[in-house]
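Right, one structure below, let's go through it.
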Amino acid sequence: MEARTFDLPRYLSVLPLFTDLSRTELERLALGCQLRRLARGETVFRVGEPCEEFHVTVTGQVKLFAISPAGQEKVIELVGPGNSFAEALMFTGKPYIVNAQALTDTLLLTVKKEAVVGEIERDPRFAMRMLAGISRRLHGLVHDVEAYALHSGMQRVIGYLLRDQIVEDCATGEVVTVSLPVSKATIASRLSLTPEYFSRVLHELEAAGLVRIDKRDVHILDPRSLATYGQ
């Protein structure tokens with residue numbers, strides 16, 4: 001996808017925050033946007049830098065993470081295509097409180113605060129859509145904290161593998177393939193697990209005949225049994 005031929009208004013129109021905007025409004029908002037092509041490992045922003053925009057991952061994968069005083073990295077969130085981040089912080093006037101880094105070659109859309117505020121002033125309903133999007137993200141983070149506190153490491157890994165699956169709809173004998181978008185170590189950090197423990201759980205599930213591992217592809221051989229394993 002070439003940035004120079006990218007139809008920004010059309011892309012904005014399919015994002016949940018902007019679906020109700022007219023073509024004219026989308027074109028006006030697009031003037032306050034910028035496309036950035038990032039190489040793997042390139043920094044999006046660092047803790048302490050001013051936050052005057054929010055971002056949408058168009059293609060690729062972005063890691064939000066913090067560094068402990070001891071130098072250990074904790075992955076807060078993995079942001080894939082079509083998902084936004086930093087929209088809540090943008091309104092606080094405070095600097096970034098986490099770091100962001102491209103995990104793969106990434107096309108990133110940056111939306112300037114001035115452009116968003118301008119649309120809110122023109123149509124207060126736009127503010128309600130932004131609040132809805134921010135609320136969904138907060139709900140997801142609360143769900144994660146609950147999972148870390150109440151679920152075992154095994155349950156967290158199984159929950160991650162089945163996160164996009166409706167288990168009840170899976171036919172008997174159906175094999176579901178989950179491709180890990182990033183390294184196992186990064187996913188382990190996202191789940192608050194060590195890489196060694198994450199790998200050990202995958203091998204246990206494979207030994208139990210529930211999954212088959214092929215590099216970054218995890219073939220779920222029995223989704224229904226996997227969902228109840230270890231309970």
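- Considering only heavy atoms from C-beta on, L78 comes within 4.5 Å of K63 through its side chain.
- The two atoms that bring V75 and T186 nearest to each other are CG2-O, 3.8 Å, heavy atoms only.
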Any chance you could lay out the side-chain contact (heavy atoms from CB on, under 4.5 Å) test for E121 and V117, step after step, and finish with the verdict? CA-CA 6 Å; E121 291 174 344; V117 171; 3.7 Å; yes
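- Counting only distance, with no hydrogens or angles, the side chain of T104 and the backbone of G60 share no donor-acceptor pair below 3.5 Å.
- Contact record, S152 with Q155: N-OE1, 2.9 Å, taken as the closest heavy-atom pair.
- In E114, the CD atom is crowded: over 12 heavy atoms of neighbouring residues, nucleotides or ligands sit closer than 6.0 Å.
- Taken together through direct or relayed side-chain contacts under 4.5 Å among Ile, Leu, Val, Met, Phe, Trp and Tyr, V111 and I120 form part of one hydrophobic cluster.
- D7 has its side chain out of reach of Y11: every pair of non-hydrogen atoms, C-beta onward, lies at least 4.5 Å apart.
- A side-chain contact (heavy atoms from CB on, under 4.5 Å) with Y96 is found for one member of R46, M90, E49 and no other, namely E49.
- In this structure a side-chain-to-backbone donor-acceptor pair under 3.5 Å is missing from D105 to A39.
- In this structure, CE on M154 lies 3.5 Å from CD on E204, to the nearest 0.5 angstrom.
- We find that E27 and R23 are joined by a salt bridge, their nearest charged nitrogen and carboxylate oxygen being less than 4.0 Å apart.
- E73 has its side chain out of reach of N99: every pair of non-hydrogen atoms, C-beta onward, lies at least 4.5 Å apart.
- To the nearest 0.5 Å, atom CG of residue L108 and atom CZ of residue R37 are 11.0 Å apart.
- No cation-pi contact links R200 to Y197, judged by a cut-off of 6.0 Å to the six-membered ring centre and 45° from its axis.
- Criterion: ILVMFWY side-chain heavy atoms under 4.5 Å apart, direct or through other members. Under it, I213 and L226 are part of a common hydrophobic cluster.
- Within the 4.5 Å cutoff, no side-chain heavy atoms of V44 are placed close to those of T106.
- Taking CG from L107 and OG1 from T59, the interatomic distance works out to 4.5 Å, rounded to the nearest 0.5 Å.
- In terms of heavy-atom proximity, A102 sits nearest to L38 at CB-CB, 4.0 Å.
- In plain terms, the two heavy atoms of I76 and A66 that are nearest each other are CG1-N, 4.2 Å.
- Note: the hydrophobic cluster containing F54 does not contain V47 (ILVMFWY, side chain heavy atoms under 4.5 Å, direct or indirect links).
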Check the pair L202 / L161 against side-chain contact (heavy atoms from CB on, under 4.5 Å), numbers first and verdict last. CA-CA 10 Å; L202 289 180; L161 294 176; 4.2 Å; yes
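- Distance check, rounded to the nearest 0.5 Å: OG of S199 to CD of E206 gives 11.5 Å.
- A continuous path of hydrophobic side-chain contacts links L162 to L210 [ILVMFWY only; heavy atoms under 4.5 Å].
- Atoms CZ and CG, on R36 and L109 in that order, are 11.0 Å from each other to the nearest 0.5 Å.
- Around CZ of R122, the count of heavy atoms belonging to other residues, nucleotides or ligands within 6.0 Å exceeds 12.
- For C33 against L12, the heavy-atom pair with the smallest separation is SG-CD1, 4.2 Å.
- When atom types are taken as modelled, the side chain of R163 and the backbone of Y160 share a donor-acceptor pair closer than 3.5 angstrom.
- A 4.5 Å side-chain heavy-atom check between S68 and K74 finds every atom pair outside the cut-off.
- Taking the side chain as every heavy atom from C-beta outward, Q34 and E53 never approach each other to under 4.5 Å.
- There is no path of hydrophobic side-chain contacts, each under 4.5 Å, that joins F65 to L89.
- By the 4.5 Å heavy-atom criterion applied to side chains, R10 and L26 are not counted as neighbours.
- Note that CG of L64 and CZ of R190 are 9.0 Å apart. Values are rounded to the nearest 0.5 Å.
- Taking the side chain as every heavy atom from C-beta outward, R216 and S183 approach each other to under 4.5 Å.
- For R156 (side chain) and S192 (main-chain N/O), a donor-acceptor pair under 3.5 Å exists by modelled atom type.
- Nearest heavy-atom pair across A86 and H55 is CB-CD2, 4.2 Å.
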